[in-house]
There are 2 protein chains.
Amino acid sequence: MTTIKDIAKVAGVSVTTVSRALNGYSDVSEKTRKKIELIAKELNYSPNTLARSLVMNKSKTIGLLISGIHKGMIKDDFMVEILAGIDDYVAYTDYDLILFSTNSTKQREKTYSQLIRERKVDGVILQGMKTEDPYLKEVVESDIPCVLIDIPIKSSTVGYVTTDNVLGAKKATEYLIGLGHKNIAMMNGHNFAFVSQSRLEGYLEALNEADIAVNWEWIVNGEFEESVAERVATYLLTKNPEITAIFCASDLMAFGTMKAAKNLGISVPDELSIIGFDDILLASYVTPPLTTIAQDKFEMGYQAAKLLLEMLENREGVHGIYLDTELKVRESTKSR
Amino acid sequence: MTTIKDIAKVAGVSVTTVSRALNGYSDVSEKTRKKIELIAKELNYSPNTLARSLVMNKSKTIGLLISGIHKGMIKDDFMVEILAGIDDYVAYTDYDLILFSTNSTKQREKTYSQLIRERKVDGVILQGMKTEDPYLKEVVESDIPCVLIDIPIKSSTVGYVTTDNVLGAKKATEYLIGLGHKNIAMMNGHNFAFVSQSRLEGYLEALNEADIAVNWEWIVNGEFEESVAERVATYLLTKNPEITAIFCASDLMAFGTMKAAKNLGISVPDELSIIGFDDILLASYVTPPLTTIAQDKFEMGYQAAKLLLEMLENREGVHGIYLDTELKVRESTKSR
DNA sequence: TTGAAAGCGCTAACAT
DNA sequence: ATGTTAGCGCTTTCAA
């Protein structure tokens with residue numbers, strides 16, 4: 001492997017000159033620069049980023065801390081789209097991505113922040129962490145720049161990008177109300193997700209503004225999992241046959257709810273309207289196609305990467321980004 | 001950021017001793033080791049892997065060269081599952097993953113092998129490269145260990161994992177034949193994929209063994225893309241109404257073919273049987289659910305990672321791995 | 001059992 | 001415009 005030392009030797013100059021020439025500094029004569037560049041090419045030289053990072057104290061890598069790289073990823077394309085968005089932005093920079101998958105099942109003896117510090121990433125993007133995750137605190141409190149997906153924490157080194165979940169949930173609920181529904185249940189995720197809190201808020205707002213009394217027994221948690229949602233929905237629908245519509249805080253949970261309805265012989269959308277949240281790929285393929293609130297996941301990733309790099313280069317940027325949602329009307333909802 | 005120097009100072013020993021103690025060498029007294037470990041913890045020390053990598057000349061990172069991180073990834077979960085499989089294996093090692101997405105649209109001024117050399121990855125996994133990709137050659141000819149997904153090249157530094165595509169395609173075709181079909185077309189990918197060659201081979205084998213004459217006009221290329229497949233299938237089916245079954249070399253192309261049939265008013269599976277290859281998630285959600293040959297994509301990723309690490313640690317392993325397929329009978333095929 | 005010293009490949013003052 | 005020197009944080013001979 002050629003080093004600048006080799007080049008220096010061949011060119012008959014010092015390593016400093018080589019370094020300067022190759023890095024485009026102005027204080028090197030055009031002649032020597034040309035010579036050095038030529039030799040570098042001939043020797044098939046590539047710089048050793050390790051050495052460079054060590055001395056410059058920045059690695060030009062950004063860490064991606066993602067949870068559940070395997071479990072959810074297949075059916076729920078949320079993570080994949082985020083990743084695609086991040087990649088799309090990062091591809092045009094000189095940063096590379098290093099993946100830290102926080103597989104909860106595996107007993108990593110090292111904490112995330114240890115990993116991050118060891119690998120000397122310049123910044124990190126966090127996705128899929130629960131609000132009470134001890135590591136979240138650890139990372140946020142460290143001085144390493146990070147941007148959080150769907151967790152609105154802001155500081156000089158922390159930014160976030162998320163969807164306007166309150167408004168999104170409100171839109172969903174209002175749509176149901178507009179359809180003539182009054183007995184609208186909500187299948188939420190769990191209490192350790194900011195998005196759940198926000199979506200609940202939107203749901204409540206919509207009900208309040210329409211002067212519909214809130215029935216707290218109709219607000220349940222499906223843990224963002226299809227199977228849990230199915231179980232919970234089965235119970236909910238059996239106990240409360242008067243429910244005519246359900247707003248689900250994720251498409252996957254909407255699928256579970258649809259299954260529950262099917263098993264109970266409740267027809268969707270004739271007897272029960274179901275609306276989801278996310279607009280994952282499958283949403284338009286299930287039967288009936290799912291009406292849902294679409295979030296722009298790709299854009300979330302893109303904006304997250306953009307924000308992080310802005311922070312890294314000390315360019316001022318907005319540290320808190322809210323993305324819009326869009327109602328996708330399909331066939332799982334019907335006017336009453 | 002604490003370094004071993006800081007620890008050494010506090011402990012009143014040399015950096016050498018600290019290094020040895022922390023790395024579990026035996027030639028350090030239990031007493032000093034304990035002391036050093038304690039101090040390290042108190043000072044919240046993490047080793048700088050950059051420095052370590054530089055001197056040890058290995059980085060404990062493996063590069064993931066994947067193509068089309070955004071385009072295909074959403075609908076076609078192939079890449080995602082591979083990634084999940086890789087991650088699943090790597091998670092239990094002390095290696096980390098660094099992502100090089102070879103977005104064809106972007107004009108990377110650097111070649112893959114440059115990226116790889118600069119980042120000093122210890123090994124690399126390649127996915128989604130066409131056989132004639134100049135970079136493939138470049139990487140394979142370099143001395144850096146790599147394992148290829150779906151490209152059977154073997155050398156001392158190159159291994160591969162792939163599906164038994166010949167057998168898989170044969171199974172598919174035989175199933176169609178067993179159903180009573182004789183006029184069986186094939187929608188292949190393109191000529192620059194080994195898998196296409198193998199799947200064609202399997203198709204031909206099955207026909208030959210059943211004494212069915214091959215009609216070369218019925219063998220077309222859909223470029224592994226849904227839209228292309230739709231166009232090609234439309235033409236094929238219009239020209240050759242006698243075709244009663246089509247074996248598609250990917251599920252996505254099978255979807256395109258289904259669309260073509262639908263537009264032409266050809267009912268699947270009543271008038272036309274369609275069988276796919278891959279078994280992507282969507283396969284069981286489309287209407288009618290797609291009969292297909294399933295590959296174990298997760299396992300491919302897992303085995304690829306396993307093989308690469310075996311190569312890196314000089315453990316002997318099989319450099320060429322073939323995985324089995326499984327026929328998933330659903331509702332897009334019917335006996336004639 | 002421990003330490004001194006060299007060096008991995010690079011950049012960055014500070015000369016000249 | 002170019003070179004000398006020091007040093008990033010670590011591992012590893014070689015001595016003691």
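Residue numbers begin at 1 in each chain, while the letters A, B, ... track the order of the sequences. Everything quoted here is computed from the prediction, not taken from an experiment.
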Donor-acceptor under 3.5 Å ([X] side chain, [Y] main chain):
X        : Y        : result
A/Ser59  : A/Ser53  : no
A/Arg33  : A/Tyr25  : yes
A/Asp150 : A/Thr162 : no
B/Thr131 : B/Phe192 : yes

Does [X] contact [N] through a side-chain donor or acceptor facing the base, at a distance under 3.5 Å?
X       : N      : value
B/Ser19 : D/dT12 : no
A/Thr32 : D/dA1  : no
A/Thr17 : D/dA1  : no

For [X] and [N], what is the distance between atoms [atom1] and [atom2] respectively, to the nearest whole Å?
X        : N      : atom1 : atom2 : answer
A/Ile36  : C/dT11 : CD1   : P     : 12 Å
B/Asp6   : D/dC8  : CG    : P     : 11 Å
A/Arg117 : D/dC8  : CZ    : P     : 19 Å
B/Leu54  : C/dA6  : CG    : C1'   : 14 Å
B/Asp27  : D/dT11 : CG    : C1'   : 13 Å
B/Arg52  : C/dG9  : CZ    : P     : 18 Å
B/Asn57  : D/dT11 : CG    : C1'   : 12 Å
A/Met56  : C/dG9  : CE    : P     : 18 Å

May I ask you to verify if any side-chain N or O of [X] is less than 4.0 angstrom from the OP1 or OP2 atom of [N]?
X       : N      : value
A/Ser14 : D/dT2  : no
A/Tyr45 : C/dC10 : yes
A/Tyr25 : C/dA12 : yes

Query - Candidate nucleotides D/dC14, C/dC10, D/dG9, ranked by approach to the side chain of B/Arg20 - the nearest - result: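 Given the options D/dC14, C/dC10, D/dG9, the side chain of B/Arg20 is closest to D/dC14.
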
Query raised in the report: Between C/dC10, C/dT2, C/dA12, which nucleotide has the shortest distance from any of its atoms to the side chain of B/Val28?
Result: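 Taking heavy atoms from C-beta onward, the closest nucleotide is C/dT2.
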
Query raised in the report: Salt bridge or not for A/Glu37 and A/Lys41, using N-O below 4.0 Å?
Result: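 Judged by the 4.0 Å cut-off on N to carboxylate O distance, A/Glu37 and A/Lys41 do not form a salt bridge.
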
Query raised in the report: For B/Glu30 and A/Asn48, take the nucleotide of DNA chain C holding the closest heavy atom to each; which residue's nucleotide lies nearer the 5' end?
Result: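 Checking each residue's closest nucleotide, the 5'-ward one belongs to B/Glu30.
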
Query raised in the report: If you find the nucleotide of DNA chain C closest to A/Lys5 and the one closest to A/Thr16, which residue's nucleotide is nearer the 5' end?
Result: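 Its nearest nucleotide being more 5', the pick is A/Lys5.
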
Report task. Quick one: label A/Ser29 by what it contacts on the DNA or RNA (base, sugar-phosphate, nothing), any heavy atom closer than 4.0 Å. Result ->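 Sugar-phosphate, backbone atoms only, no base.
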
Query raised in the report: Within the structure shown, what part of the strands sits under 4.0 Å from B/Asn23 by heavy-atom distance: base, sugar-phosphate, or nothing?
Result: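 Sugar-phosphate, no base atom in range.
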
